Amino acid sequence: MLDTEQLESKFISIVSTEEFKQLQELYNKAKHVFFFGHGGNMSIAEHAAIDASRLTDKNVHAPGGGVIVTSIQGDTGFNDWMMNWLDIRTRNVNKDECLAIGLSCSTNGASSDCVVTALNWAAENEIPCALWAAQPKEKGINPKVVQVIQHAKHYHTSEILSLAMTYQLIHEAGFSCPTISKNAQKRRFEKLGIESEIETYNQEVPPGLEVQIKNLAIDFDGVVHTFNKGWHDGTCYGAPLPGSLEAIKALSARFNIIIFTAKAKPSRPLVNGKTGTELVIEWLKEHDVYQYVKEVTSEKPRSQIYIDDKGYRFENWYDTLIYLKENYE
């Protein structure tokens with residue numbers, strides 16, 4: 001399974017940092033925004049620029065064309081081309097109203113140096129600027145450059161986070177990030193004559209997630225299998241709890257069965273060369289119920305109800321605090 005490094009948790013951590021909050025203030029004030037990066041980050045930069053131009057009132061650019069990139073590189077060389085592109089783009093505009101954002105997955109090598117050269121030039125010319133990077137750049141970067149660090153180990157994680165960060169900037173600047181068109185989706189169902197889908201679609205469910213209103217989330221440890229030895233050796237050793245397999249089979253006729261478990265977390269160490277998700281799926285197959293399960297996940301899924309041996313039914317905070325005091329102090 002692809003390691004996405006707990007993307008949602010990383011994203012929340014990033015946008016909660018003081019550096020990102022500082023960047024958000026700069027973005028809110030800026031009238032002209034410039035994104036740039038190499039490789040996959042060049043496409044992320046172009047995507048960010050196009051959507052920010054469409055969704056905000058800002059003037060947003062990225063060096064997306066091969067003609068301009070190769071022309072400037074031919075004139076100046078690889079290390080200086082981004083700096084020269086930024087110089088060209090910021091001519092005859094108030095530099096106080098600009099913001100330069102450089103994207104980099106790596107912090108070493110010619111690609112990273114080129115991005116930093118452009119950001120250093122921006123800082124020296126009093127243009128607010130920021131570096132988005134998978135890892136911190138410790139040497140050769142102007143201290144005026146705001147570093148928003150993702151602490152990612154994979155290229156794909158860093159690039160996905162960078163794209164999500166562009167939408168966070170748009171959203172927190174007071175502009176809307178639209179959902180996939182509800183009316184277009186409904187028209188598609190009408191054209192196909194699928195009345196059941198039209199009826200489902202009219203419910204208060206986000207577009208594209210209509211099928212999830214039938215989700216039923218079931219914890220694995222202590223609910224489906226005994227888990228009577230705790231972590232033990234990391235395997236799924238427990239026997240099925242009485243009635244659990246029969247319940248999954250019966251409920252699958254009415255619900256989408258989602259098994260949620262901390263065993264499926266990507267950060268969990270491999271056991272016998274297998275991920276926790278693979279071990280849970282293996283256990284479900286051994287007990288002939290995997291075909292009744294829609295998904296195994298470590299995330300809290302959308303669900304009508306959650307079946308969990310450690311769950312507490314919340315009604316109000318007064319009773320909740322009393323319960324916690326009586327049972328967990």
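Everything numeric here is computed off the predicted structure, so don't read it as measured data.
Here Asp219 does not pair with Lys263 in a salt bridge; the nearest charged N to carboxylate O distance is not below 4.0 Å. Here Lys310 does not pair with Asp221 in a salt bridge; the nearest charged N to carboxylate O distance is not below 4.0 Å.
Here the OG-CD distance, from Ser252 to Gln291, works out to 8.5 Å after rounding to the nearest 0.5 Å. Atom NZ of Lys10 is separated from atom CD of Gln150 by 9.0 Å, given to the nearest 0.5 angstrom.
Using a 30° and 60° split on the angle between ring planes, Phe34 and His61 fall in the parallel class, below 30°.
Legend: residues meeting side chain to side chain donor-acceptor pair (under 3.5 Å) with Lys325, ordered by chain and number and at least two apart, are Glu329. Judged as a side chain to side chain donor-acceptor pair (under 3.5 Å), and not counting sequence neighbours, the contacts of Thr157 are Glu5. Residues meeting the side chain to side chain donor-acceptor pair (under 3.5 Å) test with Glu18, sequence neighbours left out: none. When the side-chain contact (heavy atoms from CB on, under 4.5 Å) test is applied to Thr166, the partners found at least two apart in sequence or on another chain are Phe35, Ala48, Trp132, Leu163.
By the neighbour-count criterion of 12 heavy atoms within 6.0 Å, atom CG of Asn272 is sparsely surrounded, having that number or fewer from other residues, nucleotides or ligands. The number of heavy-atom neighbours closer than 6.0 Å to NZ of Lys95, taken from other residues, nucleotides and ligands shown, is above 12.
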Please report, to 0.1 Å, the donor-acceptor pairs under 3.5 Å made by any side chain of residues 82-89, with sequence neighbours excluded.
unit_1 : atom_1 : unit_2 : atom_2 : d
Asn84  : ND2    : Asp80  : O      : 2.7

Show me the donor-acceptor pairs within less than 3.5 Å that the side chains of residues 122-129 make with the rest of the protein, sequence neighbours left out.
unit_1 : atom_1 : unit_2 : atom_2 : d
Asn125 : ND2    : Trp121 : O      : 2.7
Glu126 : OE2    : Lys144 : NZ     : 3.2

If you apply the rule salt bridge (charged side-chain N to carboxylate O under 4.0 Å, His left out), what do you find for Asp57 with Lys31, and how did you get there?
CA-CA 8 Å; Asp57 58 1; Lys31 292 183 179 180; over 6 Å; no
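Seen from the ring of Tyr27, Lys58 counts as a face-on cation partner, given the 6.0 Å and 45° thresholds.
Side-chain heavy atoms closer than 4.5 Å link hydrophobic residues (I, L, V, M, F, W, Y) into clusters, and following such links, possibly through other members, connects Leu103 to Leu26.
Closest approach of Ile170 and Ser176 over heavy atoms only: CG2-O, 4.5 Å. Shortest non-hydrogen contact noted between Ile14 and Leu161 is CD1-CD1, 4.0 Å. Nearest heavy-atom pair across Leu99 and Ala30 is CB-CB, 3.8 Å.
Taking the six-membered ring wherever Trp is involved, the centroid distance between the rings of Phe260 and Phe220 does not fall below 6.0 Å.
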